[in-house]
Amino acid sequence: MKKLSTIVAGAAVGLLALTACGQEGTPDAGGGEGAAEAPEYTVAEDVDLSDSPTWESADSSGTLKVGVKKDQPGLGNVEPGSDIPEGFDIEIAKITAAALGFAPDDIEWVETVSANREPFLQQGNVDMIVATYTINDERKKVVDFAGPYYVAGQDLLVAEDSDISSPDDIAGKRVCSVDGSTPAQNIEEEYSEAELVTYDAYSKCVTDLQSGSVDAVTTDDAILRGYAAQYEGEFKVVGDPFTEEPYGVGLPKDDDALRDAVNDALEASMEDGTWTEAFEYTLGDSSGVEQPSVDRY
Ligand code: GLU
């Protein structure tokens, strides 16, 4: 993998560059001192995806509606006092949008929580979702996915002095996760001796962990690392991932032309270095991070 400084050299200074230095929530704070400049992606011109009903209607309105998380540092996050989302998912959304002919200013960022992602796609509230969204067969019954563009794994976030060091230690403990998420489902099915507490968003679990009213927060390691960085010295990620969570771009069902175009965009970004640029800008060092192969199911 190339070094961050090499990758971002020559990137145009964008408005987001101003916010890059404040990314305390990210696992590796995006390169530390003199933080990276915001990547810019070339917006494709003369895109014609008239076989895609979703693209057609976004094109005629001039706006692409993208569902994202807004409380997951490093992935999809909005800092207090700002309305600009930041994170790896946000960059993946911009990369995808650019390939479809939409500049960042043409994106409407719609907040989604885990449980409303399928209904939002089904009801047309959003054109696509980039929100730590695990591809699985159950979800594929009602929505489609492009990708994966990253593979996370379920893990545990605990207080720095906690004795919990693996999922085997959570029996009888209060463990917090989110409704409609794969980690919550996994706790119910595989670790039923844990006492599961759920909310609509992970930031609420983190507040509970801080007050001591739960013993652990469980979700993807990528998400938990963002919180651990935000609450440095208070929380730690156990670091024993026990599932695979391939992240996909959620799409309305059966819009095959759109799915092909998004898969093409993801694949190209992994080949031409923009994926790496996006990763390093938001999540930090990408050396040792595997790029998954797109699954054109
Ligand atoms: N990747 C998991 C899921 O899609 C957990 C993260 C989330 O809830 O967004 O359910």
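Just follow the structure's listing: the first ligand is 1, and inside any ligand the first atom is 1. Worth knowing before you read on, the calculation uses all heavy atoms, side chains too, and leaves out hydrogens, waters and symmetry mates. This chain uses plain numbering: 1 for the first residue, then up along the sequence.
For the residues I129, T182, I135, the heavy atom positioned nearest atom 2 (C) of ligand 1 is part of T182.
Here the two rings, on Y191 and F242, have centers that are under 6.0 Å apart.
Contact annotation: for R117 versus ligand 1, heavy atoms closer than 4.0 Å belong to the side chain alone. At a 4.0 Å heavy-atom cut-off, ligand 1 touches I223 through the side chain alone. Counting heavy atoms under 4.0 Å from ligand 1, residue R139 touches it through the side chain alone.
By the 4.0 Å N-to-carboxylate-O rule, R296 lies close enough to D264 to be salt-bridged with it. Salt-bridge annotation for R174 and E195: present, with a side-chain N of the basic residue lying under 4.0 Å from a carboxylate O of the acidic one.
Using 4.0 Å as the threshold, D220 has a heavy atom nearer than that to some atom of ligand 1.
Numbered from 1 in the order shown, with element, the atoms of ligand 1 that lie under 4.0 Å from a heavy atom of Y247 read 1 (N). Ligand 1 places these atoms under 4.0 Å from at least one heavy atom of Y133: 4 (O). Of all the atoms in ligand 1, the ones that sit under 4.0 Å from a non-hydrogen atom of S181 are 8 (O), 10 (O). Listed by number with element, the atoms of ligand 1 under 4.0 Å from a non-hydrogen atom of T219 are 5 (C), 6 (C). Of all the atoms in ligand 1, the ones that sit under 4.0 Å from a non-hydrogen atom of S114 are 7 (C), 8 (O), 9 (O). Those atoms of ligand 1 that come under 4.0 Å of a heavy atom in K69, given as number and element, are 7 (C), 8 (O), 9 (O). Residue A131 approaches ligand 1 through these ligand atoms, each under 4.0 Å from one of its heavy atoms: 9 (O).
Under the rule for a salt bridge (charged side-chain N to carboxylate O under 4.0 Å, His left out), E111 has no partner lying at least two apart in sequence or in another chain.
Ligand 1 has no N or O atom lying under 3.5 Å from any N or O atom of Q72, backbone or side chain.
Within a 6.0 Å radius of CD in E138, other residues, nucleotides and ligands contribute 12 heavy atoms or fewer.
Judged by distance alone, the side chains of S287 and D285 do bring a donor and an acceptor atom under 3.5 Å apart. Side-chain contact check for N186 and T182: no donor-acceptor pair (N or O, by modelled atom type) lies under 3.5 Å.
Using cut-offs of 30° and 60° for the angle between ring planes, the F279 and Y150 rings count as tilted.
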Under 3.5 Å, sequence neighbours excluded: what are the donor-acceptor pairs made by side chains of residues 118-132?
| unit_1 | atom_1 | unit_2 | atom_2 | d |
| --- | --- | --- | --- | --- |
| E118 | OE2 | Y133 | OH | 2.5 |
| D127 | OD2 | K65 | N | 2.8 |
| T132 | OG1 | Q72 | NE2 | 3.2 |

